[in-house]
Amino acid sequence: MAAGFDPSGRLPDVFTNAGTSSFTSFLSKAAPEMLPGRRPLPPGMAADMAPHATTIVAISAAGGVVMAGDRRATMGNLIAQRDIEKVHPADAHSLVGIAGTAGIGIELMRLFQVELEHYEKIEGAMLSLDGKANRLASMIRGNLGAAMQGLAVIPLFAGYDLAAKDPARAGRIFSFDVTGGPYEETGYDAIGSGSIFARSALKKRFQPGISIDEAVRLAVEALYDAADDDTATGGPDLIRRIYPVVMTATVEGTHRLTEEEMSVIAESVVSGRMENPGG
């Protein structure tokens, strides 16, 4: 018999009382042990116990935003997984990518997706893009205890702002710190172990108002530069046909580039670097 349930089969009051539009708040009352940041951890640092996801980049473009992530997860000096997926749709018009402890990050990302879907069902309306960023910030803050023991998760959030007055500037990007502080970024941003190299590449190449297609190419180039200098970031693997996950968010919704589309872009980038290794 599950803890807290009536032997008669009736649901506990928390399931039948007037609820909240926040699924996370509901879960904190109904089953707090299921929240990522509420689980008891052994004392000491736990950073080497789980795979870590690495580099994510996001670029604001004319009419939307592009987010891309490499596919490598590491455990210390070992490659834990070659084809992990770190970029996902948060809802119909926004994207979220994760860096840090992979298992907790994926769980937090899925909880965030449910949080946004739950709000829409309860309220009958979609949260604003700022509201979504603030909801994600509070969820990161709830993981602070685990982060202090080395199990940190830092997401990157981006989306198309349906309330934007200028559609050309509707693509917005939000970064976060380990305490949950949200910060809106201008133009582009990157997170993860290879972010310093990816951000440097974007700084030299980014131009305001670039097209979605140009931003996709630029994102793959930035991930290539990150993989060139950061061993935890994986570049395009043409032999195994493992390419970065690239997604876009526009007024029409979110879209993930297909393997066929990514193979053409990745092979073009690698071919170009054979002629000019420095980009």
Side-chain angles (χ1 to χ4, degrees), residues 2 14-15 19-41 46 49-56 58 65 67-75 80-123 126-129 131-147 151-160 173-176 178 180 182 191-192 244-249 253-256:
V14 68
F15 287 90
T20 171
S21 60
S22 171
F23 182 77
T24 307
S25 296
F26 163 76
L27 199 60
S28 68
K29 297 176 182 177
E33 71 283 356
M34 295 186 68
L35 290 171
R38 296 287 187 90
R39 293 177 185 146
L41 295 172
M49 294 174 58
H52 277 65
T54 47
T55 312
I56 307 291
V65 68
M67 185 177 290
D70 80 302
R71 304 290 295 276
R72 179 173 292 177
T74 60
M75 289 183 67
Q81 190 171 346
R82 298 181 187 274
D83 60 353
I84 188 173
E85 298 189 1
K86 313 168 192 175
V87 176
H88 296 266
D91 67 359
H93 293 281
S94 61
L95 307 167
V96 61
I98 54 124
T101 307
I104 294 178
I106 292 171
E107 186 177 31
L108 186 141
M109 175 204 64
R110 289 174 177 166
L111 181 59
F112 182 52
Q113 291 171 327
V114 174
E115 174 81 4
L116 299 184
E117 184 178 354
H118 180 80
Y119 180 91
E120 280 192 57
K121 288 181 177 179
I122 296 297
E123 298 293 337
M126 185 182 294
L127 266 172
S128 68
L129 201 65
K132 296 172 191 176
N134 289 332
R135 289 288 176 103
L136 183 55
S138 66
M139 295 171 67
I140 300 166
R141 196 172 303 119
N143 192 56
L144 183 58
L151 299 176
V153 174
I154 302 294
L156 190 61
F157 176 67
Y160 184 90
I173 302 168
F174 294 86
S175 64
F176 305 84
V178 73
I191 59 170
V245 174
V246 181
M247 297 194 69
T248 64
T254 60
H255 169 71
R256 173 173 172 165

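Not counting sequence neighbours, the partners of Phe157 by the ring pair (Phe, Tyr, Trp, His ring centres under 6.0 Å) test are Phe112. Applying the side chain to side chain contact (heavy atoms under 4.5 Å, CB included) test to Ile173 and every residue at least two apart in sequence or in another chain returns Ala58, Ser60, Val65, Leu156, Ala158, Glu185, Asp189. Judged as a side chain to side chain contact (heavy atoms under 4.5 Å, CB included), and not counting sequence neighbours, the contacts of Ala99 are Ile191. A search for salt bridge (charged side-chain N to carboxylate O under 4.0 Å, His left out) contacts involving Arg71 returns Glu85, not counting sequence neighbours. For Glu117, the side chain to side chain contact (heavy atoms under 4.5 Å, CB included) partners at least two apart in sequence or on another chain are Lys121. Looking at residues two or more places apart in sequence or on another chain, you find a side chain to side chain contact (heavy atoms under 4.5 Å, CB included) between Ala68 and Val57, Ala219, Leu223, Val246.
Nearest heavy atoms, Pro155 versus Val96: CB-CG2, 4.1 Å. Between Val87 and Gly69, the shortest heavy-atom distance links the atoms CG2-N, 3.6 Å.
Separation of atoms CZ (Arg135) and CG (Leu116) is listed at 8.0 Å; rounding is to 0.5 Å. With rounding to the nearest 0.5 Å, the separation of CG in Leu127 from CG in Asp91 is 8.5 Å. Here the CD1 atom belonging to Ile106 is positioned 6.0 Å from the NE2 atom belonging to His88, to the nearest 0.5 angstrom.
Gln81 places a side-chain heavy atom less than 4.5 Å from the side chain of Asp83. Looking at Ile98 and Ile56, their side chains never come closer than 4.5 Å, going by heavy atoms from C-beta outward. Residues Leu136 and Pro182 form no side-chain contact, since every pair of their non-hydrogen atoms from C-beta on lies 4.5 Å or further apart.
No side-chain N or O of Thr55 forms a donor-acceptor pair with one of Lys86 less than 3.5 Å apart.
Of the possible polar contacts, none joining the Asn143 side chain to the Gly180 backbone as a donor-acceptor pair under 3.5 Å is found.
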Practice task
Applying side-chain contact (heavy atoms from CB on, under 4.5 Å), run through Val153 and Ile140 and close with a yes or a no.
Solution key: CA-CA 7 Å; Val153 174; Ile140 300 166; over 6 Å; no

